[in-house]
Visitor: 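My structure is below; once you've seen it, I'll send some questions.
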Protein chains: 2
Amino acid sequence: MTRTSTLDPRSADASVDVTRVAVSTVIFTLRRLPGADAPRVALPLVRRTRDPHEGQWALPGGWLDVAEGLDAAASRTLAETTGLSPSYLEQLYAFGAVDRSPTRVVSIVYWALIRPDEASDDSVENVQWFDAASLPALAFDHNDIVEYALWRLRNKVGYSRIAHGLLADEFTLAELREVYESILDRRLDPANFRRQVENSGTLIPTDRFRTGSHRPARLYRYNQDVELADRGPLGVRQ
Amino acid sequence: MTRTSTLDPRSADASVDVTRVAVSTVIFTLRRLPGADAPRVALPLVRRTRDPHEGQWALPGGWLDVAEGLDAAASRTLAETTGLSPSYLEQLYAFGAVDRSPTRVVSIVYWALIRPDEASDDSVENVQWFDAASLPALAFDHNDIVEYALWRLRNKVGYSRIAHGLLADEFTLAELREVYESILDRRLDPANFRRQVENSGTLIPTDRFRTGSHRPARLYRYNQDVELADRGPLGVRQ
DNA sequence: CCAAAAGTGTTATGGCTACACCCATGC
DNA sequence: GCATGGGTGTAGCCATAACACTTTTGG
């Protein structure tokens, strides 16, 4: 492959009048704040160290490499900027307004879920976790993007089983219910929730129990035969 | 704005090692075939006149201009290649597999609906309407893309009111039901369909009736106050 | 024993489905 | 009149919601 340096789409030369393709990801997890009872939706942001919006917080991402697919680019840029590899990753939307950046950038945005234990806090430089409900002013149009991702998350939790992407392998029904309650921001009836999820066939009961408080709760595993979400005819393409 | 000709992303020079951004659209309409009872889902394809897959049928589209948003590019390329302007247009997915084209192309794909009366057949050169259920082998990964768009169409018709995008301003309940039946490929109970759609509050009854066969059927209009589909916090952005 | 969460049972409600039935028009 | 689609009524079914109730642990 020949590559002329001046044509490298990853160069930050603003005088070059081309459209560049970036890939960003909105990663959600649940965080239990010290004083709070219910966990909250949180996401990691990266402090920008370069000119457009330098110093402001932005979604993790990077330029699309000429020799990699979109999904691969999302995974790679995510790992490079935050060190995270999500349990669930799905394309969200392509943002391409002319004025969303000083230079012309089309961003293919992904959204992802990560288990709380995988969200290694206080590790990588320039990365910080924020409460999704109270974000600062982000770089570019990233506030809008997060808002849209949150909408998709709340929507999708209603008709698919993505909530499992926020839990460890084994979990109690109360923990699963807590995930739904945090995302939907309303209480669910424990009795009805149990029956719904039991009848869905997505859970496998184990012989183990979570002890420590009151009556022990049975631990469940996720039934891998049932997909997290119906993505239609799109498989692991890209 | 300065533009170096060799950097023009719209040039078809395959030796230039950059990622170019294209915009394509899957446009659906309903066509009543001569001998058939029920209308069928149909879409227009464009015969390729250039090298990659020359002579094969492909989705209408074109290169993204540096100074236009994604939605605008979809509308423009659609009008340029087919002369159509849809009643409903929504982003579908960004396709960016490395091997989907000889040169690296990321395609932002839209899907659209058009009313049968607007689908001016036999007009534009190199454009032909195909039955969505029996397509030939298309250029690039366009067969997969159409399959995904059909999946989205069938999904979305279940929880939104996009079916109106395939009808004229005034229509009978039987005509609206026929749209649903064609997309979902199954019969719906006329009585239950009537009640469902009446209770949804999306229809405004008029004083006019469709005559010509048997008992006249009341004509309805679409209630503009209710959106065709909930797109979440994304408005008319781009 | 008591508090609290785990887990079960029961009833009401509302939407959907199936289908019987009446209405109005063309022929 | 009669065939046909327009339009209404109704009973069964099933998922959900609300909530009373029992069970099992920690303290």
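Labels below follow one simple rule: chain letters A, B, ... track the order of the sequence lines, proteins then strands, and each chain is numbered from 1.
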Visitor: What do the steps show when you test B:His164 against B:Tyr88 for ring pair (Phe, Tyr, Trp, His ring centres under 6.0 Å), and what is the final call?
Guide: CA-CA 9 Å; B:His164 299 277; B:Tyr88 181 79; over 10 Å; no
Visitor: What integer distance in Å separates B:Arg210:CZ from D:dG6:C1'?
Guide: 14 Å
Visitor: Is there a salt bridge (Lys or Arg N to Asp or Glu O under 4.0 Å) between A:Arg187 and A:Glu178 once you walk through the steps?
Guide: CA-CA 9 Å; A:Arg187 313 293 292 183; A:Glu178 201 175 41; over 6 Å; no
Visitor: How would you give the extent of chain A contacts on DNA chain C, as first and last nucleotide 5' to 3' within a 4.0 Å heavy-atom cut-off?
Guide: C:dA4 to C:dT10
Visitor: If the threshold is 4.0 Å, N to carboxylate O, is there a salt bridge linking B:Arg208 and B:Glu170?
Guide: yes
Visitor: Nearest whole angstrom, please: distance from the P of D:dG9 to the CG of B:Asn199.
Guide: 13 Å
Visitor: Donor-acceptor pairs under 3.5 angstrom involving side-chain atoms of residues 211-221 of chain B: please list them, not counting sequence neighbours.
Guide:
{"unit_1": "B:Arg218", "atom_1": "NH1", "unit_2": "B:Thr206", "atom_2": "O", "d": "2.6"}

Visitor: Parallel, tilted or perpendicular, judged at 30° and 60°: which one describes the rings of B:Trp151 and B:Tyr148?
Guide: parallel
Visitor: Protein within reach of the bases, or only the backbone? For nucleotides 17-27 of chain D, mark each nucleotide 5' to 3' as B, S or -, using heavy atoms under 4.0 Å.
Guide: BBB---BBBS-
Visitor: How many Å lie between CZ on B:Phe193 and C1' on D:dT8, as a whole number?
Guide: 17 Å
Visitor: Show your reasoning for whether side-chain contact (heavy atoms from CB on, under 4.5 Å) applies to A:Val109 and A:Tyr93.
Guide: CA-CA 5 Å; A:Val109 178; A:Tyr93 201 79; 5.5 Å; no
Visitor: CG of A:Leu64 to CZ of A:Arg76: how many Å apart, nearest 0.5 Å?
Guide: 7.5 Å
Visitor: Measure across B:Ile183 and B:Arg154 and return the closest heavy-atom pair with its distance rounded to 0.1 Å.
Guide: O-NE, 3.2 Å
Visitor: Take atom CZ of A:Arg194 and atom C1' of D:dT16, then tell me their distance rounded to the nearest Å.
Guide: 17 Å
